[in-house]
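Take a look at the structure set out below.
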Amino acid sequence: MKTKSIKIIALTLLFNYASAFAQNEPAKILEYGVGLNSLNSFSLQHRWGNENRIYRITGTISGQSTNDDAKGSQTVSQDSIPSNTTLSNTESKIPVSFNVGGEFSILNLKKVTDKFGLFFGYSLGLEYSYSKNEVTNTFIGISNPGYNSTNFSKSENQNISPNIGINLGGYYKVSPAFLIYAELAPNIYYGYSKTKSESKNSNNTSNIINTNSNDNISNNFGISGLSNFGASLTFAYRITK
């Protein structure tokens, strides 16, 4: 009988302790956010945790695609061989340039007031970028109308860059369900870059076409995200469970 009473008392104490712990534990939250670094660079964010700590997965994408014939860039020059005054036209084409990346972060939040707070965290990320550029220079004879030459160059670059960094910033609660985060994210990165380049030179006087191609691989380390240009804003929608 005494053993049964002891068990009942122990279970009661355990239940009361669990209830008190559950009441003191911060409410679980879930957030969906959109981050902005510039007008053509944004991120989608999934966040979960509580009022004291948030775990975040971020996906970023940015880029541009243009096909601009810059024929307005014209200069007059004097060639030495052959002796001729020429008009130079420059055409630049950038078919595509984009950057994608992913990041996992742990953010520790510190409430200052009911509306405002600060946070500090750590992050691991990976970025990939690709760009392609083409430039054509055409020289048309002025003093010798029969003379013309063309210089063409094309380059293609791919870069993979893992990084590790810290997150510093603050947040403001517009409402219980809507928050704005502002942060700086300085990081140390390693970059692996591969570049392919090609150039062609030709003119109608010698009828000779010179072609050069080159593949180059480079590795570099660096620090980024320390300036105000590296700051970002995140607009988040919060669900409290």
Side-chain angles (χ1 to χ4, degrees), residues 21-22 24-64 96-112 115-131 157-194 217-241:
F21 179 79
N24 293 328
E25 184 181 9
K28 294 181 179 180
I29 60 175
L30 187 65
E31 292 183 353
Y32 300 96
V34 176
L36 298 176
N37 292 88
S38 64
L39 294 179
N40 65 341
S41 176
F42 68 94
S43 65
L44 298 178
Q45 303 179 15
H46 175 65
R47 302 161 172 251
W48 70 97
N50 54 51
E51 290 278 358
N52 299 324
R53 177 173 292 179
I54 287 180
Y55 301 90
R56 178 179 70 182
I57 294 178
T58 303
T60 60
I61 183 169
S62 63
Q64 62 180 1
V96 66
S97 174
F98 69 89
N99 178 288
V100 295
E103 181 184 272
F104 173 74
S105 305
I106 300 175
L107 307 177
N108 299 296
L109 282 66
K110 178 64 175 178
K111 183 171 69 172
V112 178
K115 290 285 189 179
F116 175 74
L118 302 173
F119 65 86
F120 171 83
Y122 308 91
S123 63
L124 289 173
L126 180 66
E127 291 187 1
Y128 171 79
S129 62
Y130 174 86
S131 62
N157 177 266
Q158 299 183 72
N159 184 76
I160 298 176
S161 178
N163 63 77
I164 180 171
I166 60 175
N167 307 86
L168 303 168
Y171 65 90
Y172 179 77
K173 284 186 177 181
V174 179
S175 70
F178 184 69
L179 294 88
I180 300 176
Y181 293 85
E183 70 179 283
L184 286 172
N187 64 81
I188 301 174
Y189 68 88
Y190 161 75
Y192 172 83
S193 181
K194 184 177 182 181
I217 294 177
S218 62
N219 301 273
N220 61 85
F221 292 88
I223 300 176
S224 66
L226 290 174
S227 68
N228 292 333
F229 296 103
S232 65
L233 287 176
T234 299
F235 302 90
Y237 175 73
R238 173 178 290 186
I239 301 173
T240 304
K241 297 183 179 180

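Only heavy atoms go into these numbers, but all of them, side chains included; no hydrogens, no water, no symmetry mates. Note that this is a predicted model, so its numbers are computed, not measured.
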What do the steps show when you test Gln45 against Tyr32 for side chain to side chain contact (heavy atoms under 4.5 Å, CB included), and what is the final call?
CA-CA 6 Å; Gln45 303 179 15; Tyr32 300 96; over 6 Å; no
Rounded distance [0.5 Å steps], [atom1] in [X] versus [atom2] in [Y]:
{"X": "Arg56", "Y": "Trp48", "atom1": "CZ", "atom2": "CH2", "value": "11.0 Å"}
{"X": "Ile217", "Y": "Lys194", "atom1": "CD1", "atom2": "NZ", "value": "5.5 Å"}
{"X": "Asn52", "Y": "Phe119", "atom1": "CG", "atom2": "CZ", "value": "14.5 Å"}
{"X": "Phe221", "Y": "Ile188", "atom1": "CZ", "atom2": "CD1", "value": "10.5 Å"}
{"X": "Lys28", "Y": "Asn50", "atom1": "NZ", "atom2": "CG", "value": "9.5 Å"}
{"X": "Ser43", "Y": "Ile57", "atom1": "OG", "atom2": "CD1", "value": "13.0 Å"}

Is any side-chain heavy atom of Leu44 closer than 4.5 Å to a side-chain heavy atom of Val34?
yes
Are Phe42 and Ile61 side-chain neighbours, meaning at least one heavy-atom pair lies under 4.5 Å?
yes
Are there more than 12 heavy atoms of other residues, nucleotides or ligands under 6.0 Å from atom OH of Tyr122?
no
Would you say NZ of Lys110 has more than 12 non-hydrogen atoms from neighbouring residues, nucleotides or ligands within 6.0 angstrom?
no
Begin with the C-alpha distance, continue with both residues' side-chain angles, and end with the deciding distance and a verdict on side chain to side chain contact (heavy atoms under 4.5 Å, CB included) for Tyr128 and Phe98.
CA-CA 9 Å; Tyr128 171 79; Phe98 69 89; 4.1 Å; yes
Does a donor on one side chain and an acceptor on the other come within less than 3.5 Å for Tyr192 and Gln158?
no
When you check the side-chain N and O atoms of Ser129 and Glu127, is any donor under 3.5 Å from an acceptor?
no
Among all residues two or more places apart in sequence or in another chain, which pass the side-chain contact (heavy atoms from CB on, under 4.5 Å) test with Ala177?
Ser175, Tyr237
Only pairs under 3.5 Å count here: list side-chain donor-acceptor contacts from residues 160-172, not counting sequence neighbours, and write none if there are none.
residue: Ser161; atom: OG; partner: Tyr190; partner atom: O; Å: 3.2
residue: Asn167; atom: ND2; partner: Glu183; partner atom: OE1; Å: 3.0

Stepwise side-chain hydrogen bond (donor to acceptor under 3.5 Å, both in side chains) check, Ser193 with Asn157
CA-CA 7 Å; Ser193 181; Asn157 177 266; 2.9 Å; yes
Those residues that, when tested against Arg47, pass salt bridge (charged side-chain N to carboxylate O under 4.0 Å, His left out) (two or more places apart)
Glu31
For Arg238 and Ile54: C-alpha separation, side-chain torsions, deciding distance, then whether side chain to side chain contact (heavy atoms under 4.5 Å, CB included) applies.
CA-CA 12 Å; Arg238 173 178 290 186; Ile54 287 180; 4.2 Å; yes
